[in-house]
Amino acid sequence: MSEEQAQKAAEELRSKLNKWADEYYTYDAPSVEDSVYDQTYQQLVDLETHFPAIVTPDSPTQKVGDRTLPGFTKIPHEIPMLSLGDVFSIAELKDFADRLTVNDGVPFEYNCELKIDGLAISLRYENGVFVQGSTRGNGQIGEDITRNLRTIKSIPKRLSRPINIEVRGECYMPKASFVALNQQRQTDGDAPFANPRNAAAGSLRQLDPRVTAHRKLSTFMYNVADYSDLQSDTQSGMLAELKALGFEINPDYRVATKMADIDQYIAEYTQKRDDLAYGIDGIVIKVNALALQQSLGATVKVPRWAIAYKFPPEEAQTIVRDIEWT
Ligand SMILES: NC(=O)c1c(N)nc(OC2CCCC2)nc1O[C@@H]1CCC[C@@H]1O
């Protein structure tokens, strides 16, 4: 390989790594598994080691640390926005359930939810009025995207009750909006978005809210930062309460009392997945009783009372093959 070819290959690797890092660090919406990122990063390191002259100061190999977007104010999450542990088989899901300490002999009740493939957001209300919205960021620090979120119709500007509450959920782009947007981008000569999740992330990262306003984003809310203001004592009851407050919640949730019910729900939505108006990348299974959620608590990153069952990837990630060394 000549130095010129190495330079070209390095540029391609850098643009991929920068995009993936943005998705991961800024919107918690990685479009590739960490292993793909790591292998590609190593290829860039090898390439730059073989051809030191091609290293650029802005190469991912030269910069470390924070990648929140310039132009957006940082918002600390007083109550961290957790992620979810993943399982990839029913057997692993059963292990998760078996690991939960037995609840004084009473079997756990679970709430099954579709895992919406968007990006996590947090909405804060004071006396029932929407005052601030942010991205999840790294779970501790997000970006203030209030102005962009105000343009999304499914986000209530005023709740049905004048309460103080912080609600978390997923912002997503419906499949139909994604297809229309990519057609428009093709017409305008812009690069199409790879998937609805990236399109949602790209649409929320706009500094100009008018651009966001035209992207037809929507939301499904599914969690509150602090349960104290709610009446319900279960996850399923909380969803119904959020709906009564004015939030959009996904209607396909279902309470399950045994593993067979969970298996059935997973089978049903594995079938229905392609017909849904929005993307899902799995199923979230949560302990239904909020008091049990609290007592089970969380690790630094994920709750002990919830797990994501991930669908098998639709197409295997194409990993860049080893570069031919001449
Ligand atoms: N994507 C989803 O549909 C979804 C969901 N239905 N429910 C939760 O519950 C949270 C609550 C505390 C930890 C996980 N999280 C979801 O998505 C998470 C948020 C951050 C990373 C995942 O996208």
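Every number for a ligand or one of its atoms is a count from 1 in the order of the listing.
Checked by atom type and distance alone, the side chain of R136 pairs as donor or acceptor with a backbone atom of M81 at under 3.5 Å. No side-chain donor-acceptor contact under 3.5 Å links T61 to the backbone of V45.
Q7 pairs in a side chain to side chain donor-acceptor pair (under 3.5 Å) with only one of the listed residues (E11, E4, E3), which is E11. Under the side chain to side chain donor-acceptor pair (under 3.5 Å) rule, Y222 has a single partner from R168, E113, E170, which is E170.
The ligand atoms of ligand 1 that sit less than 4.0 angstrom from a heavy atom of E113 are 5 (C), 6 (N), 7 (N). Heavy-atom contacts of L84 reach the following atoms of ligand 1: 14 (C), 15 (N), 16 (C), 18 (C) (cutoff under 4.0 Å). Numbered from 1 in the order shown, with element, the atoms of ligand 1 that lie under 4.0 Å from a heavy atom of N223 read 11 (C), 12 (C). The R136 neighbourhood of ligand 1 comprises atoms 20 (C), with distances under 4.0 Å to a heavy atom of that residue. Heavy-atom contacts of P303 reach the following atoms of ligand 1: 13 (C) (cutoff under 4.0 Å).
Residue-level proximity to ligand 1 for K115 is carried by backbone and side chain together, each with a heavy atom below 4.0 angstrom. Residue-level proximity to ligand 1 for I116 is carried by backbone and side chain together, each with a heavy atom below 4.0 angstrom. Neither the backbone nor the side chain of M81 has any atom closer than 4.0 Å to an atom of ligand 1 (non-hydrogen atoms only). Neither the backbone nor the side chain of R168 comes within 4.0 Å of ligand 1, counting heavy atoms alone. By the criterion of a heavy-atom distance under 4.0 Å, the backbone of L114, and not its side chain, is placed next to ligand 1.
In summary, D98 and K94 engage in a salt bridge, as defined by a charged side-chain N under 4.0 Å from a carboxylate O. A salt bridge is absent between E143 and K74; no separation between the charged side-chain nitrogens and carboxylate oxygens falls under 4.0 Å. Taking a cutoff of 4.0 Å between a charged side-chain nitrogen and a carboxylate oxygen, D261 and K258 qualify as a salt bridge. E12 has no carboxylate O lying under 4.0 Å from a charged side-chain N of K16, or vice versa, which leaves the two without a salt bridge.
Scanning S83, G118, A308, G139 for the heavy atom closest to atom 13 (C) of ligand 1 points to S83.
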